[in-house]
Structure formats: structure tokens, C-alpha cells
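The structure appears below as C-alpha cells.
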Amino acid sequence: EEGTNYPATYVSWNEAIEYCQKLSAKEGKTYRLPTEAEWEYSCRAGTRTAWTFGDDETALGDYAWYDKNANGIGERYPHQVRQKKPNAFGLFDMHGNVWEWCSDIYDETVYGSYRIFRGGGWCDVERSVMATTRRRSHPLKFKIDDLGFRIARNMIESTNSE
């Protein structure tokens with residue numbers, strides 16, 4: 001499924017960075033991928049639970065597209081955004097639908113330049129769409145049908161003063 005209300009998928013980390021750079025140049029503001037810490041803070045929205053809404057997985061379908069309400073019933077694709085409930089910060093789709101690239105390197109000593117993605121996808125089980133779940137892959141080559149990105153914007157622009 002594709003369209004203006006669907007998340008972008010099949011996007012490598014490098015392509016997500018390139019998008020942020022082009023948008024920044026176009027608008028004169030700094031857009032970027034969130035750090036992993038920023039992503040988790042935004043996802044949790046002040047909670048310490050498995051999901052933004054609590055620890056009861058029976059409510060997951062109200063907040064996320066995941067295996068039980070997408071892949072498991074034959075809907076093997078990302079769904080339109082903003083169809084599920086938002087978290088307390090008003091952010092939609094932080095759990096499930098598509099994984100989201102973060103700016104951080106996973107573990108440079110073990111994985112080299114592999115980058116982190118968070119959030120889980122439409123084909124993942126409950127534990128894979130938890131607020132703490134993280135995965136990693138190659139920033140240039142890895143592009144799949146349940147991986148996209150969410151952008152962040154710097155609210156205060158840095159200036160070079162001499």
C-alpha cells in the first residue's frame with residue numbers, strides 16, 4: 001500500500017539522512033533523525049511501562065499495527081498513519097506499523113557502522129513493538145517493507161560566532 005497517508009518504507013539510513021538534509025536546505029531549519037534516546041523518550045511519553053499505554057498487551061491493537069491485527073490476518077503491508085491512538089505526547093504510530101531509523105550507531109566495536117531502528121513493524125509480535133526493543137542494520141544496504149523513518153527538528157539553531 002502506498003500514498004500520502006502511508007509511511008515511507010524501503011528507505012536506507014543513508015537515504016533518510018539525505019531526505020533530512022534536503023528538507024533542511026529547503027526550509028532553512030535543521031531536520032535530522034532522532035537519537036535513540038530522543039526516540040525512546042518520545043515513545044514512552046513519560047511512562048516506564050512496556051508500551052506507552054501500560055503493560056497490558058491486550059490494549060496493543062488500539063495503539064499499533066502489528067502481527068495480530070495486520071500480518072496475522074493477511075494485511076502484509078504498512079497501514080495508513082494516525083489510524084491508532086496517539087501516546088500522551090500526541091505522537092502516533094510509535095509502536096508498530098514500521099520500524100524507524102535513529103541516528104545512533106548500534107555498537108561500533110562489534111557492528112561497525114550499523115545503525116539503530118526502533119518501534120517495530122506491522123509483521124512483528126508484541127515483544128518486538130515494545131518501547132525498549134531495538135534492532136540494527138547496515139546504513140547503506142538495508143531497505144525493507146516495514147522500515148522507514150521519523151524526523152526530528154532542532155528547535156534552537158546553533159550559530160557560529162567568533
Heavy-atom donor-acceptor pair, [X] side chain to [Y] backbone, under 3.5 Å:
X: D55; Y: T49; value: no
X: T52; Y: A131; value: no
X: W101; Y: V11; value: yes
X: K84; Y: G61; value: yes
X: N97; Y: W65; value: no
X: R115; Y: S103; value: yes
X: D93; Y: V98; value: no

Rounded to the nearest 0.5 Å, how far apart are [atom1] of [X] and [atom2] of [Y]?
X: D104; Y: R136; atom1: CG; atom2: CZ; value: 15.0 Å
X: M155; Y: T30; atom1: CE; atom2: OG1; value: 11.5 Å
X: E100; Y: I116; atom1: CD; atom2: CD1; value: 13.5 Å

Shortest non-hydrogen contact between [X] and [Y], atoms and distance:
X: G112; Y: I105; answer: O-CG2, 3.3 Å
X: V129; Y: G120; answer: CG1-CA, 3.7 Å
X: G90; Y: P86; answer: C-CB, 3.8 Å

Should T58 and D56 be marked as a side-chain hydrogen bond (donor to acceptor under 3.5 Å, both in side chains) after you check the CA-CA gap, both sets of side-chain angles, and the distance that decides it? CA-CA 5 Å; T58 61; D56 181 6; 2.7 Å; yes
Aromatic plane relationship, Y41 with F89 - under 30° parallel, 30 to 60° tilted, over 60° perpendicular: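 If you compare the ring of F89 with that of Y41, the planes turn out tilted.
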Using the ring-ring contact (aromatic ring centres under 6.0 Å, His included) rule, pick out the option among Y114, F117, Y111, W13 that qualifies with Y106.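 Result: among Y114, F117, Y111, W13, Y111 is the only option passing the ring-ring contact (aromatic ring centres under 6.0 Å, His included) with Y106.
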If you look only at pairs with a residue in residues 31-44, which of them pass as a salt bridge (Lys or Arg N to Asp or Glu O under 4.0 Å), with sequence neighbours excluded?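 Qualifying pairs, neighbours excluded: R32-E38, E36-R118, E36-R134, E40-R44, E40-R118.
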Suppose we screen for salt bridge (charged side-chain N to carboxylate O under 4.0 Å, His left out). Which residues come up paired with K85, at least two apart in sequence or across chains?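 K85 satisfies salt bridge (charged side-chain N to carboxylate O under 4.0 Å, His left out) with no residue once adjacent residues are dropped.
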Distance-only donor-acceptor pairs under 3.5 Å for side chains of residues 141-148, two or more places apart:
unit_1	atom_1	unit_2	atom_2	d
K143	NZ	E15	OE2	3.1

Crowding at CD, E108 (>12 non-hydrogen neighbours, <6.0 Å):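 Open.
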Could you check if a side-chain atom of M94 sits within less than 4.5 angstrom of a side-chain atom of W51, using non-hydrogen atoms only?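 The answer is no; the side chains never approach within 4.5 Å.
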Side chain to side chain, F53 and D62, heavy atoms closer than 4.5 Å: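 No; the side chains remain at least 4.5 Å from each other.
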H95 vs C43, test: side chain to side chain contact (heavy atoms under 4.5 Å, CB included). Steps then yes/no. CA-CA 8 Å; H95 301 289; C43 178; 3.4 Å; yes
Honestly curious: do V81 and F92 fall in one hydrophobic cluster under the side-chain, below-4.5 Å linking rule?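 Different clusters: V81 never reaches F92 through Ile, Leu, Val, Met, Phe, Trp or Tyr contacts under 4.5 Å.
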Under 4.5 Å between side-chain heavy atoms, counting indirect links through other Ile/Leu/Val/Met/Phe/Trp/Tyr residues: same cluster for I151 and W99 or not?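 Yes, I151 and W99 fall within the same hydrophobic cluster.
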Go through it in stages, so that I can follow the logic: the residues are V125 and S128, the test is side chain to side chain contact (heavy atoms under 4.5 Å, CB included), and I'd like the CA-CA distance, side-chain angles, deciding distance and then a yes or no. CA-CA 6 Å; V125 297; S128 292; 4.0 Å; yes
Decide yes or no on side chain to side chain contact (heavy atoms under 4.5 Å, CB included) for N69 and W122, but give the supporting numbers first. CA-CA 8 Å; N69 66 359; W122 54 264; over 6 Å; no
Any chance the rings of F149 and Y19 have centres within less than 6.0 Å?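 Yes - the distance between ring centres of F149 and Y19 falls below the 6.0 Å cut-off.
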Apply the test side chain to side chain contact (heavy atoms under 4.5 Å, CB included) to residues D124 and R135: give CA-CA distance (whole Å), side-chain angles for both, the deciding distance (0.1 Å), then the verdict. CA-CA 12 Å; D124 291 301; R135 297 220 175 124; 3.6 Å; yes
